[in-house]
Amino acid sequence: MAERLPVVLVTGFLGSGKTTLLSRLLGRPELGETAVIVNELGEVGIDHHLLRRVDERTVLLGNGCLCCTLRGDLADELRDLLSRRTRGEIPPFRRVLVETTGLADPAPVLNTLLAEPVVSHHFEPAAVIATVDALNGEGQLEREPETLKQVLVADRLVVTKTDVAEREAVDTLAERLRGLNPAADLLEASFGEADPALLLAPGELDPRLLVLPDTPPHADVEPFVLFIDRPVDWTAFGIWLTMLLASRGADVLRVKGLLDVGAPGPVVLNGVQHVVHPPEHLEAWPDDDRRSRLVFIARGIGKDEVEKSLAAFDAAARRP
Amino acid sequence: MCALCGVLLTSHWAERDSGRRERVFRVRLLNRVLSHFGLELGDWGGRVYVLRDRKGKTAVVGDLGGLWTAAEALAGRPLDPLDADLVAALRGG
């Protein structure tokens, strides 16, 4: 099968600096072969030969679940990009950047990339980048559910406007973001400048970041990390996680981590509500720590009950 | 089927790249879970699952993604893996 083209999603609340970040990014030579899909053409303010505009349009599927909607606009645009590239009407491109509106939920975008048959065959989600404004981010996290969701779903959090905010405010926000989403990398951007290599790398899990704060970072969200020091049966895990997401998916905002399935390397897991990336089996562990480590960001679900339940499913798989 | 290149498309993430032996094992393990809710699962030709309740009502499902919704509809109640009784049953054997 042909290699899938990576799609990087740039999200962030209104005025949080995602367009500035995108504009700066697209000016870099490394971003030359990039197709860009945005909502507002004028805002990006650069002349880019592969810049396309879409109207956010979601298609609600039969089960009525919001995270499992398909973004029909995005699917149409991606299919059109592909067919025009095949016909030679546009230059080849190696990646796609998608900028969402500030109020957009990233989950349907991920679902479109993973579940829409043609799109998922040719594209794959590479990373979700969320911009958070150092001046207003704290307040938005409290007031705007969209901001909170974008932060929880991100693989990479970019604190913007650090040039105009007090250092202390930037540090306080950064600490809160680490607590909310321990699975994300944290970067800072002054005047929209950030290293493209760091921003666009695949959304892998850095085990050094898995340290949780003493106090809950948000009243509605309980992040926790499961460390498991023996292999977990992969079949049992698949049954367990699909059952958990089917019954509690609306409240399991994020699952991300490395799972020891008894092979030389771990399985990489990355899920947003009901939307799960195809698990990747690595050939080796990224560090000396061979324990499974799974970050859960959930509402109303405790670490203890999750740990016991997974252990019970695993035990059932090991009984003759 | 991919409209652009004509290739047959993906299976569910939890069942991808699994062979016949793993599928048999999955059905056996699923039955340890589903029996707690009065349900039984069969494999039909290695291609679809057939879910059955004690009254003989059945549902055909293609993969794990569709299984839990169908199971909940047949059982008439939520199937929660965190349910303490289910966890105890799975531990006890």
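FYI, side chains are in, hydrogens and waters are out, and symmetry mates aren't considered; it's all heavy atoms of this structure. Below, chain A is the first sequence line, B the second, and so on; all start at residue 1.
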*Would you indicate whether Lys57(B), at its atom NZ, is surrounded by more than 12 heavy atoms from other residues, nucleotides or ligands within a distance under 6.0 Å?*
no
*Looking only at heavy atoms, which two atoms of Arg91(B) and Ala312(A) are closest? And how far apart?*
CG-CB, 3.8 Å
_A quick test of your reading: do over 12 heavy atoms of other residues, nucleotides or ligands sit less than 6.0 Å from CZ of Arg87(A)?_
yes
*Please report the shortest heavy-atom distance between Ser247(A) and Pro81(B), naming the atom on each side.*
OG-CD, 3.3 Å
_Within the supplied structure, the quantity of interest is the number of heavy atoms (other residues, nucleotides, ligands) at a distance under 6.0 Å from Arg318(A) CZ; does it exceed 12?_
yes
*Can you say whether Leu67(B) sits under 4.5 Å from chain A via the side chain, the backbone, both, or neither, judging by heavy atoms?*
neither
*Regarding Trp68(B) and Thr242(A), is there a side-chain donor-to-acceptor distance under 3.5 Å anywhere?*
yes
*Under 4.5 Å heavy-atom distance to chain B, tell me which part of Val306(A) shows up: side chain, backbone, both or neither.*
both
*Report the distance from atom CZ of Arg28(B) to atom OG1 of Thr235(A), rounding to the nearest 0.5 Å.*
10.5 Å
_Top of Ala236(A), Ala311(A), Ala246(A), Pro279(A) for chain B proximity - count of heavy-atom pairs under 4.5 angstrom_ = Pro279(A)
*Heavy-atom proximity to chain B below 4.5 Å, by part of Ala115(A)*: neither
*Between Arg16(B) and Pro278(A), what is the shortest heavy-atom contact and its length?*
NH1-CB, 3.2 Å
*Would you say Arg52(B) has more than 12 foreign heavy atoms packed within less than 6.0 Å of its CZ?*
no
_Atom of Arg319(A), atom of Arg32(B) and distance for their closest heavy-atom approach_ = O-NH1, 3.2 Å
*Take Trp13(B) and Leu241(A) through the test side chain to side chain contact (heavy atoms under 4.5 Å, CB included) and record every step on the way to the result.*
CA-CA 11 Å; Trp13(B) 66 263; Leu241(A) 187 61; 3.6 Å; yes
*For Trp234(A) and Glu22(B), work out which heavy atoms get closest and say how close.*
CD1-OE2, 4.0 Å
*asked:* A quick test of your reading: do over 12 heavy atoms of other residues, nucleotides or ligands sit less than 6.0 Å from CD of Glu89(A)?
replied: yes
*Minimum heavy-atom separation for Leu82(B) to Glu305(A), with atom names?*
CD2-O, 3.8 Å
*Region of Asp314(A) that comes under 4.5 Å of a non-hydrogen atom in chain B*: neither
*Pick one of side chain, backbone, both or neither for Leu310(A), based on which atoms fall under 4.5 Å of a heavy atom in chain B.*
neither
*Quickly, which of Leu29(B), Val87(B), Leu86(B) forms a side chain to side chain contact (heavy atoms under 4.5 Å, CB included) with Phe313(A)? Name it, please.*
Leu86(B)
